[in-house]
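Below you'll find the structure, written out as structure tokens, and then a few comments.
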Amino acid sequence: MATFFFFLLSFLICFHFSSAEPFIGVNYGQVADNLPPPSATAKLLKSTSIEKVRLYGADPAIIKALANTEIGIVIGAANGDIPSLASDPNSAAQWINSNVLPFYPASKIILITVGNEVLTTNDPNLINQLLPAMQNMQNAINGASLGGKIKVSTVHSMAVLGQSDPPSSGLFSPSYQPALKGLLQFHKDNGSPFAINPYPFFAYQSDSRPETLAFCLFQPNAGRVDSGNGIKYMNMFDAQVDSVHSALSAMGFKDVEIMVAETGWPYSGDSNEVGPSIENAKAYNGNLIAHLKSMVGTPLMPGKSVDTYLFALYDEDLKPGPGSERAFGLYKSDLSMTYDVGISKSSQTPPTPKTPVTPQPKPTATGWCVPKAGISDAQLQSSLDYACGQGIDCSPIQPGGACFEPNTIASHAAYAMNLYYQNSAKNPWNCDFSQTATLTSQNPTYSNCIYPGGST
């Protein structure tokens, strides 16, 4: 009987990790004239491992369509709503009566964002009204007996940081600190997240060296050492999130939870834009998802994954600005994938890229691909994220899998790097991973964890 329950527990853990990711969400923007009906979108979302959706408003048709799906819903009050919400508690109560109570709890509303990137509008009236608006919204939620069930926040641009490099030196801009002090106390008092929009894509646009692209896309790279604490960062996402953590710590609010309200990479853009492509977008989003699934966290916040909302579910064809603004969608308006990042329940990992069937010389390399001795966990995590983002099946190293134990980055990276190599053309450079891996003739298989490979 005990064996049966252990098996059942292992199955449930494995099922949870394979079928849904509670920390992965998606933004559902509506600045478009060709979007599918909300009912079709709800069905699409249920076919994926996405567990949360962020709306920029509170469209009743969408909220209703998501009823009984168990998908968490973030709804938003617009910047234009802030003055009335701030000046009149009844306005906040009416907002809750109109946008929450008719749908909750069948529609799983989990968070209300009051305004979007308000501080960086540099409108002093709006900035001064933001905290009172959030307080009135929180009081209205409490009045509806939903306190603790639905949180209140607001979303910030990364431009609220005056300093972010290296991550340990992260500081909020002095001009925003007075407003942030009140907002952060609100977050601390109510247990709500500090929501931020980090985009490595924009960092790459201002520094388009090849090594920066690899750093932004979670691909194998030499890493960047934080001169303040000696920590080596292997990707831009972690560096940006940790810079926010440092800024929160500097203000005395290190325990306030961070939420990534938006992050993504465009698959197309204007001819003068640096970085947009299908390959880069798939690499960024696919490797980010693999990184979040690994639960390794960031160097300053290890062992957990920050709630992250990918931008975006669909293209928004009416958005102004450069071409890339209209090319962030994971899905097309006909519900087909723009590219596969492994969120479909029917194929939890992206398919291995197809290559033309042409006669190939027999590779001379033999054996297995394993990490070199003395490689840091940060570098191995980068290689692990990259390998698992390239279409291989990394489920054996997830909880319940045959290769999950020992639960170390080195062990998981060894399995993933070898599987990537075995699924490749098996050229020596397929087992390089920025000079962190090497080929061996010694089979690393142990217990029930089978490493494919050997002589070719």
Side-chain angles (χ1 to χ4, degrees), residues 1-26 45-52 69-72 108 218 238 285-298 301-308 310 340-352 368-371 377-378 380-423 433 437 443-453:
M1 183 66 74
T3 304
F4 170 77
F5 279 112
F6 177 79
F7 169 80
L8 180 61
L9 180 62
S10 299
F11 171 78
L12 288 173
I13 291 173
C14 190
F15 175 79
H16 171 76
F17 270 76
S18 65
S19 64
E21 308 300 342
F23 37 78
I24 298 175
V26 70
L45 288 167
K46 285 172 66 178
S47 74
T48 74
S49 56
I50 291 169
E51 280 215 340
K52 298 177 180 179
T69 62
E70 285 304 304
I71 293 171
K108 190 179 172 183
F218 299 85
D238 282 355
N285 286 311
N287 292 338
L288 171 60
I289 290 169
H291 184 56
L292 294 169
K293 282 183 177 181
S294 77
M295 296 292 285
V296 71
T298 70
M301 295 181 290
K304 64 174 184 175
S305 289
V306 172
D307 271 10
T308 300
L310 303 174
D340 190 351
V341 292
I343 55 176
S344 170
K345 287 180 182 174
S346 61
S347 60
Q348 277 298 308
T349 54
T352 302
W368 295 265
C369 180
V370 296
D377 278 358
L380 291 176
Q381 183 66 46
S382 175
S383 296
L384 168 61
D385 293 341
Y386 174 74
C388 289
Q390 300 307 303
I392 62 173
D393 178 13
C394 286
S395 60
I397 55 176
Q398 292 179 354
C403 303
F404 178 67
E405 297 292 350
N407 181 17
T408 65
I409 293 174
S411 178
H412 292 177
Y415 181 86
M417 293 158 88
N418 179 68
L419 189 58
Y420 172 85
Y421 170 73
Q422 302 299 340
N423 284 357
F433 294 95
N443 189 343
T445 291
Y446 63 92
S447 187
N448 293 324
C449 178
I450 310 299
Y451 275 63

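It should be emphasised that the depicted structure is a prediction, and the values quoted were computed from it without experimental measurement. Numbers here are sequence positions counted from 1.
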field: Inter-residue atom distance Ile71.CD1 - Thr48.OG1, 0.5 Å rounding
entry: 6.5 Å
- line: Closest heavy-atom pair, Asn287 versus Asp385, reported as atoms and distance to 0.1 Å, is OD1-O, 3.5 Å
message: Ignoring hydrogens, what is the shortest heavy-atom contact between Trp368 and Tyr451? Give both atom names and the distance.
response: NE1-O, 3.3 Å
- request: Mind listing the closest non-hydrogen atom pair of Met417 and Ala437 along with its distance?
  value: CE-CB, 3.4 Å
Residue list, side-chain hydrogen bond (donor to acceptor under 3.5 Å, both in side chains) with Thr408, at least two apart or on another chain: none
query: Parallel, tilted or perpendicular: which fits the ring planes of His291 and Phe218, with parallel below 30° and perpendicular above 60°?
result: tilted
message: To the closest 0.5 Å, what do you measure between CD (Gln398) and CG (Asp393)?
response: 8.5 Å
- prompt: Tell me, do Leu288 and Val341 make a side-chain contact under 4.5 Å, heavy atoms counted?
  reply: no
By side-chain hydrogen bond (donor to acceptor under 3.5 Å, both in side chains) - contacts of Thr298 (at least two apart): Asp242
message: Among residues at least two apart in sequence or on other chains, which ones pass salt bridge (charged side-chain N to carboxylate O under 4.0 Å, His left out) with Asp307?
response: Lys52
query: Roughly how far, to the nearest 0.5 Å, is CD1 of Ile24 from NZ of Lys293?
result: 6.0 Å
query: What do you reckon, is CG of Asn407 surrounded by more than 12 foreign heavy atoms closer than 6.0 Å?
result: yes
- request: Might you work through the side chain to side chain contact (heavy atoms under 4.5 Å, CB included) test for Leu384 and Ile397, ending with a clear yes or no?
  value: CA-CA 11 Å; Leu384 168 61; Ile397 55 176; 3.7 Å; yes
Plane angle bin for Phe433 and Tyr386 - parallel if under 30°, tilted between 30 and 60°, otherwise perpendicular: perpendicular
task: Answer whether the closest heavy-atom distance between the side chains of Gln381 and Ser294 falls below 4.5 Å.
output: yes
statement: Rounded to the nearest 0.5 angstrom, the CD1-CD1 distance for Ile50 and Ile289 is 7.0 Å
query: Any idea which heavy atoms bring Ala410 and Pro371 closest together, and the distance?
result: O-CG, 4.2 Å
query: Which atom pair, heavy atoms only, marks the closest approach of Cys403 to Ile450?
result: SG-N, 4.3 Å
- prompt: Atom CG in Leu419, atom CD1 in Ile392: separation rounded to 0.5 Å?
  reply: 4.5 Å
query: Nearest heavy-atom pair of Ser305 and Leu292: which atoms, and what distance?
result: OG-O, 2.5 Å
task: Find out whether Tyr420 and Cys388 are in side-chain contact, i.e. whether some heavy atom of one side chain is under 4.5 Å from a heavy atom of the other.
output: no
- prompt: Side chains of Phe23 and Met295: does their closest heavy-atom pair fall under 4.5 Å?
  reply: yes
query: Which of these passes side-chain contact (heavy atoms from CB on, under 4.5 Å) with Leu45: Thr69, Ile343, Val26?
result: Val26
statement: When rounded to the nearest 0.5 Å, the distance separating CZ of Phe404 from OG of Ser411 is 10.0 Å
